[in-house]
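Scroll down for the structure; my scribbles are underneath it.
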Amino acid sequence: MESLKGEEVKCVWVQGPIIVGAGPSGLAVAACLSHHGVPYVILERSHCITSLWQHRTYDRLKLHLPKHFCELPLMPFPLHFPKYPSKNQFISYLNSYASRFNIRPRFNQSVQTAEFDPSSQLWLVRTNGFQYISPWLVVATGENAEPVVPSISGMDMFHGPIVHTSVYKSGSDYNNQRVLVIGCGNSGMEVSLDLCRHNANPYMVARNTVHVLPREMFGFSTFGIAMALLKWLPIKVVDKLVLAAARLMLGDTARYGVRRPKTGPIELKLVTGKTPVLDVGQVAQIRSGNIKVMEGVKEITRNGAKFMDGQEKEFSAIILATGYKSNVPTWLKSCESFTKDGMPKTPFPMGWKGENGLYTVGFTRRGLLGTASDAVKIAKDIADQWMTVKDKSYRNSHIILLKST
């Protein structure tokens with residue numbers, strides 16, 4: 001076996017699949033595999049499970065959908081959890097999930113390359129000091145592996161802090177400051193709301209169109225209502241009903257600078273993955289002027305920003321609510337199953353299965369509901385192959401460690 005950069009590489013033969021990523025997606029697949037009696041190895045670059053949730057989320061974050069839409073396979077949320085669990089409650093649920101299914105990832109194992117070897121029909125996955133070998137590879141790093149940091153003219157000149165929402169924790173750090181929030185998705189809206197509640201003065205950039213919907217309508221989850229209606233009505237009719245109710249409850253958001261896309265919110269979500277913003281108080285703050293909506297940023301200056309409409313304002317800090325992206329193209333080599341943006345080429349609902357024993361989970365743009373659905377399918381598909389293995393001794397030892405030569 002070849003060595004990496006002149007160093008000895010330990011080869012690890014994995015009987016079952018190699019799972020890359022110990023977030024909710026990786027945990028869900030691992031639990032489902034255990035349910036079928038199939039061994040596996042999870043490789044996680046961080047020192048803990050669900051590192052994005054534990055270290056890259058703001059304090060006030062709650063699940064946007066009711067808990068029954070967000071549970072992982074084989075284990076519901078505790079009954080005493082509220083309808084919309086908090087960040088810490090969700091993390092505790094994930095820790096309990098890992099404990100219940102005895103999921104023990106190999107931490108601090110950052111995947112450098114993963115490549116299918118046609119001659120052996122095996123996947124070769126290299127980390128720092130190890131090469132893992134298996135017939136199956138499950139890509140569970142998801143859509144949100146790396147923060148998206150845009151390049152805006154003048155950013156290097158700004159006198160104050162510029163941070164991505166992945167490191168934002170609380171508006172208490174910005175008390176009485178004028179803050180520019182770039183981005184108007186769920187993160188941008190919620191950070192702006194959080195800043196308001198800590199006596200900061202947020203200016204939110206809404207360069208793109210976005211649907212804002214009430215989180216609940218008539219006491220029921222808007223998402224739940226839409227999913228129920230879709231069983232009986234065409235998607236465009238459902239969108240018209242949802243938008244009519246949203247206008248009744250929230251008013252015309254375009255009057256406050258938040259323009260809606262021409263495509264309806266449910267159709268847009270299912271076709272492009274662009275999620276509507278669920279209102280938990282942001283619209284009232286925008287309407288009252290506590291959150292000021294701005295057009296696109298033309299350039300950052302030393303003391304603030306110039307905007308596309310000609311305005312120029314001073315700010316103490318800038319927060320980038322510019323989202324996340326997949327990191328798959330940086331490590332998965334010679335693979336035709338993914339686009340250059342790191343998303344499966346095959347659209348939902350068949351994107352979970354690639355070629356040559358490759359699987360993907362957490363890329364449906366349908367949140368935890370999509371993750372749970374794909375995890376069940378992946379585990380069953382691998383288990384069906386696993387059961388055809390004739391050599392029983394092959395099954396008995398989980399991992400064999402070999403020294404490279």
Can you give me the closest heavy-atom contact between [X] and [Y], atom names plus distance?
X	Y	value
C196	I291	SG-CG1, 3.4 Å
V38	P17	CG1-CD, 4.0 Å
D59	S170	OD2-CB, 3.8 Å
L94	P24	CD1-CG, 4.1 Å
G362	T371	CA-OG1, 3.6 Å

Side-chain heavy atoms of Y40 within contact of I18, under 4.5 Å: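 A side-chain contact under 4.5 Å is absent here.
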For [range], pull every pair meeting ring pair (Phe, Tyr, Trp, His ring centres under 6.0 Å), keeping only residues two or more places apart or in separate chains.
range	answer
residues 89-114	W53-F90, F77-Y93, Y97-F101
residues 142-166	H164-Y324
residues 180-201	none

Suppose we screen for side chain to side chain donor-acceptor pair (under 3.5 Å). Which residues come up paired with [X], at least two apart in sequence or across chains?
X	value
S288	N290
R260	H211
K306	none
Q54	none

Scan [range] for pairs that pass salt bridge (Lys or Arg N to Asp or Glu O under 4.0 Å), counting only residues two or more places apart or in two chains.
range	answer
residues 175-188	none
residues 323-343	E336-K345
residues 152-173	none
residues 131-149	R45-E146

- prompt: Tell me the side chain to side chain donor-acceptor pair (under 3.5 Å) pairs involving residues 77-87, sequence neighbours left out?
  reply: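 As it turns out, the side chain to side chain donor-acceptor pair (under 3.5 Å) pairs with a partner in residues 77-87, which skip direct neighbours, are T57-K87, K83-E216, Y84-E216, S86-Q89.
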Does the side chain of [X] come under 3.5 Å of the side chain of [Y] through a donor N or O and an acceptor N or O?
X	Y	answer
Y174	N201	no
D117	S120	yes
R126	Q112	no

Backbone of [Y] reached by a side-chain donor or acceptor of [X] within 3.5 Å:
X	Y	value
S192	P202	no
Y256	R259	no
N327	N144	no
T322	V148	yes

task: Can you label the angle between the F307 ring and the F315 ring as parallel, tilted or perpendicular, going by 30° and 60°?
output: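 Ring orientation of F307 relative to F315: perpendicular.
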Side-chain ion pair, E44 and R106, N-O less than 4.0 Å: no
- request: Decide, yes or no, whether a salt bridge links K353 with D381 under the criterion of side-chain N to carboxylate O below 4.0 Å.
  value: yes
query: Crowded around R207 CZ? As in, over 12 foreign heavy atoms under 6.0 Å?
result: no
- request: Please indicate whether M75 has more than 12 foreign heavy atoms, meaning atoms of other residues, nucleotides or ligands, lying under 6.0 Å from its CE.
  value: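 Atom CE in M75 is packed in, count exceeds 12.
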